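Encoded as structure tokens, the structure appears first; notes follow it.
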Amino acid sequence: MSHTAHIRSHRKPRRSAPKTALRAGVASGVLSTIAVAGAAGTASAEPVTETIEMPTLTSGFAGTVAQSADATQRAASNFDVRAQQDAAAEKAAKAAKKAKAEADRKAEAERKEAEARAKAAAAERASRAAERTALATPASDSGSSDSSSSSSSSSSGSSASSAVSQATGSAAAVIAFAQAQVGDAYVLGSTGPNAWDCSGLVGAAYKQIGVDLPRVSQDQSTAGTQVSLDNLQPGDILYWGSAGSAYHTAIYIGDGKFVGAQNPSTGVVERSLDYDPPTGAVRVL
């Protein structure tokens, strides 16, 4: 048995503080060292220290923070794209509205212009119809050749130009018929009595004197003797295009004028050669 008594040590054992995990997004910790000095009896005492370890952030938490940042960035990008799409849609809507307004304005202007042309054409047709009635009445009431001649002279004076009064015989009859149709409508393929196309009117005018012309303008442009435009006579057939392939014909009435069924907008008109200079002419009479 040992003679030395076992004396208990006054040194206190070190203790480890429990680890405290901090997860509120705060990555800071506090390292505190507390020195506790105590005296045990009369013997010298050693300081006892207590250490609290700093908590650490786990890799899982760091990943969560990164994912949150990515999600925020994507949301911001989506908002930016949506704003751009909305701006583009608004711009397109404004452009469409402006285009529709312009189209409506043009349509309205065209409608008014068409109405004005229709009214003018109707007034002209009414005037010519009254003139034709006046021309036809003396001829129907006349029973003698003298009165027929007088009626013809009266017609020339009331409806024909000064050049027509210089035309004689068959040419005068052709011209008088053509002028009596001024104001009638133009309808492609029509040969009268109230609507004509260009060659239909020319053919009908010559039929009044017993001359049968080809039906279409291409053939009418070669139906007679070719004459110079500087040597025209009343009753000559004018054509536009080349001989044999003309696309339009009319009748020269003298004094630098012609009568023809021009187009659907104008109908049958009397115009100066300067209005639409022809390409050539043929003489049938």
Side-chain angles (χ1 to χ4, degrees), residues 110-140 151-152 155-156 158-161 164 167 170-224 234-241 245-254 257-273 275-279 281-282 284-285:
E110 291 176 356
R111 183 186 66 78
K112 291 182 178 179
E113 184 179 356
E115 288 180 353
R117 286 199 303 265
K119 289 180 180 179
E124 187 175 1
R125 283 196 298 271
S127 175
R128 295 299 179 180
E131 186 176 348
R132 286 198 299 270
T133 301
L135 290 173
T137 301
S140 61
S151 175
S152 176
S155 298
S156 298
S158 61
S159 64
S161 66
V164 176
S170 299
V174 169
I175 293 170
F177 179 86
Q179 285 189 310
Q181 315 314 312
V182 171
D184 281 355
Y186 176 100
V187 178
L188 184 63
S190 296
T191 57
N194 297 314
W196 315 84
D197 64 10
C198 62
S199 56
L201 176 62
V202 173
Y206 274 87
K207 196 172 185 65
Q208 303 303 307
I209 60 171
V211 176
D212 289 326
L213 292 178
R215 171 65 185 88
V216 295
S217 57
Q218 292 90 332
D219 296 332
Q220 288 180 357
S221 65
T222 59
D236 287 345
I237 298 175
L238 304 175
Y239 63 83
W240 285 254
S245 59
Y247 59 85
H248 181 62
T249 55
I251 299 172
Y252 181 65
I253 64 173
K257 298 180 179 180
F258 68 88
V259 170
Q262 289 299 102
N263 53 61
S265 296
T266 62
V268 180
V269 294
E270 180 179 318
R271 292 286 189 268
S272 169
L273 293 178
Y275 170 79
D276 188 12
T279 304
V282 292
V284 177
L285 302 177

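Source: prediction; values computed, not measured. Sequence positions, counted from 1, serve as the residue numbers for this chain.
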Is the shortest heavy-atom distance from the side chain of [X] to the side chain of [Y] under 4.5 Å?
| X | Y | answer |
| --- | --- | --- |
| Val284 | Ile237 | yes |
| Ile175 | Pro234 | yes |
| Gln181 | Val259 | no |
| Asp236 | Val282 | no |
| Gln262 | Val268 | no |
| Arg271 | Asp276 | no |
| Leu273 | Lys257 | no |
| Cys198 | Thr249 | yes |

**OP:** Could you tell me whether the side chain of Ser190 and the main chain of Trp196 form a donor-acceptor pair under 3.5 Å?
**Re:**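 Not a single qualifying donor-acceptor pair exists.
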Original post:
Counting only N and O atoms by type, is there a donor-acceptor contact under 3.5 Å from the side chain of Asp197 to the main-chain atoms of Gly189?
Top reply: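 The answer is yes, because a donor-acceptor pair under 3.5 Å joins these two groups.
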About how many Å separate [atom2] of [Y] and [atom1] of [X], when rounded to the nearest 0.5 Å?
| X | Y | atom1 | atom2 | answer |
| --- | --- | --- | --- | --- |
| Tyr239 | Ser217 | OH | OG | 12.0 Å |
| His248 | Leu238 | NE2 | CG | 8.5 Å |
| Phe177 | Ile251 | CZ | CD1 | 8.5 Å |

Shortest non-hydrogen contact from [X] to [Y]?
| X | Y | value |
| --- | --- | --- |
| Pro193 | Asp184 | O-OD2, 3.5 Å |
| Gln218 | Ser221 | O-OG, 2.6 Å |
| Ala250 | Phe258 | CB-CD1, 3.8 Å |
| Ser170 | Ile209 | CB-CD1, 3.6 Å |
| Asp219 | Pro214 | CB-CB, 3.3 Å |

**OP:** For this output row, return yes or no: ring centroids of Tyr275 and Trp240 closer than 6.0 angstrom.
**Re:**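 No: the rings miss the under 6.0 Å criterion.
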**OP:** List the steps and the verdict of side chain to side chain contact (heavy atoms under 4.5 Å, CB included) for Lys207 and Leu213.
**Re:** CA-CA 8 Å; Lys207 196 172 185 65; Leu213 292 178; over 6 Å; no
Original post:
Cut-off 3.5 Å, side chains only: do Gln220 and Ser199 have a donor facing an acceptor?
Top reply: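 No.
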